[in-house]
K.L.:
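Have a look at the structure that comes next, please.
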Amino acid sequence: MASADRTNHLRVPVLERVREADRERGSAYLDTLKTYVESNKNIPATAATLNVHVNSVRYRIEKLQSLFDLDLNDIDVFAWLLLQFRVAEHRAVEPS
C-alpha cells in the first residue's frame, strides 16, 4: 500500500476527534497519545509520565487504535502524529 493511502484517513483532523472524545467521555486519550508518541512508543515511560499503570497505557493505546483507526506501528502514521504534536506546540508558543 502506498504511503499516501495508509495516511489518507488522517486528513480528517484525527486529533480533534480524539480531543472531542475526551470531552464527551472524560477520557485522557489525547494526553496518552501525545505522551506515547513523544516517548517513542515507550509504554513504561508513558505510564510514568502520566502517573498511571502500564496496563492503563496499553488499554488506552489499544482503544485509540480501534476507535480512531490508527495504526501506531505504521511509521508514516507515527511520524504524522509526531509532526502534528510538534506543530500544535509551535502554534501554542507563537506570539499573537
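Nothing fancy with the numbering, it's 1 onward along the sequence.
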K.L.:
In Å and rounded to the nearest 0.5 Å, what is the NZ to CD1 distance from Lys41 to Ile61?
P.N.:
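Lys41 NZ to Ile61 CD1: 10.0 Å, rounded to 0.5 Å.
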K.L.:
If every non-hydrogen atom of Asp74 is compared with every non-hydrogen atom of Asp76, which pair is closest and at what distance?
P.N.:
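Of all heavy-atom pairs spanning Asp74 and Asp76, the closest is OD1-N, 2.7 Å.
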K.L.:
State, with a plain yes or no, whether a side-chain heavy atom of Leu81 is found less than 4.5 Å away from one of Leu15.
P.N.:
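Heavy-atom side-chain distance check passes, below 4.5 Å.
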K.L.:
Any donor and acceptor pair, going by atom type alone, linking the side chain of Arg17 with main-chain N or O of Phe68 inside 3.5 Å?
P.N.:
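Checking the backbone N and O of Phe68 against the side chain of Arg17, a donor-acceptor pair under 3.5 Å is found.
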K.L.:
Just jot down the side chain to side chain donor-acceptor pair (under 3.5 Å) partners of Glu20, sequence neighbours excluded, or say none.
P.N.:
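Checked Glu20 against side chain to side chain donor-acceptor pair (under 3.5 Å); matches are Arg23.
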K.L.:
Are Tyr29 and Leu67 side-chain neighbours, meaning at least one heavy-atom pair lies under 4.5 Å?
P.N.:
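Counting from C-beta outward, Tyr29 and Leu67 do come under 4.5 Å.
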K.L.:
Distance check, rounded to the nearest 0.5 Å: Leu70 atom CG versus Trp80 atom CH2?
P.N.:
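Going from CG on Leu70 over to CH2 on Trp80, the span is 8.0 Å.
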K.L.:
Do the non-hydrogen side-chain atoms of Leu30 and Phe85 ever get within less than 4.5 Å of each other?
P.N.:
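Leu30 reaches Phe85 side chain to side chain.
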K.L.:
Should we count CG of Asn55 as having more than 12 external heavy atoms under 6.0 Å?
P.N.:
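Yes, enclosed.
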K.L.:
In chain order, what residues pass the side chain to side chain donor-acceptor pair (under 3.5 Å) check against Asp22, with sequence neighbours excluded?
P.N.:
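Ser27.
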K.L.:
Is any side-chain heavy atom of Leu33 closer than 4.5 Å to a side-chain heavy atom of Arg60?
P.N.:
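The answer is no, as the side chains (C-beta and beyond) never meet within the 4.5 Å cut-off.
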K.L.:
Taking the side chain as every heavy atom from C-beta outward, state whether Arg58 and His53 have any pair of such atoms under 4.5 Å apart.
P.N.:
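No. Closest side-chain heavy atoms not under 4.5 Å.
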K.L.:
How would you list, by chain and number, every residue that makes a salt bridge (charged side-chain N to carboxylate O under 4.0 Å, His left out) with Arg19, sequence neighbours excluded?
P.N.:
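In terms of salt bridge (charged side-chain N to carboxylate O under 4.0 Å, His left out), with neighbours along the sequence ignored, Arg19 is linked to Glu16.
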K.L.:
Once rounded to the nearest 0.5 Å, what's the spacing between atom CZ of Arg25 and atom NZ of Lys63?
P.N.:
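The NZ atom of Lys63 is 7.0 Å from CZ of Arg25, to the nearest 0.5 Å.
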K.L.:
Donor-acceptor pair, distance only, cut-off 3.5 Å: does the side chain of Thr35 make one with the backbone of Thr32?
P.N.:
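Between the backbone of Thr32 and the side chain of Thr35 there is no qualifying donor-acceptor contact (under 3.5 Å).
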K.L.:
Say you draw a straight line from OH of Tyr36 to CG of Leu72; how long is it, rounded to the nearest 0.5 Å?
P.N.:
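Reported to 0.5 Å precision, the distance equals 5.5 Å.
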K.L.:
What's the spacing between Leu82 CG and Ile75 CD1 if we round to 0.5 Å?
P.N.:
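Answer for the CG-CD1 pair, Leu82 versus Ile75, is 9.0 Å.
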K.L.:
Are Leu50 and Val54 connected into the same hydrophobic cluster when the rule is that any two of I, L, V, M, F, W, Y join if their side-chain heavy atoms are below 4.5 Å apart?
P.N.:
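Cluster IDs for Val54 and Leu50 match.
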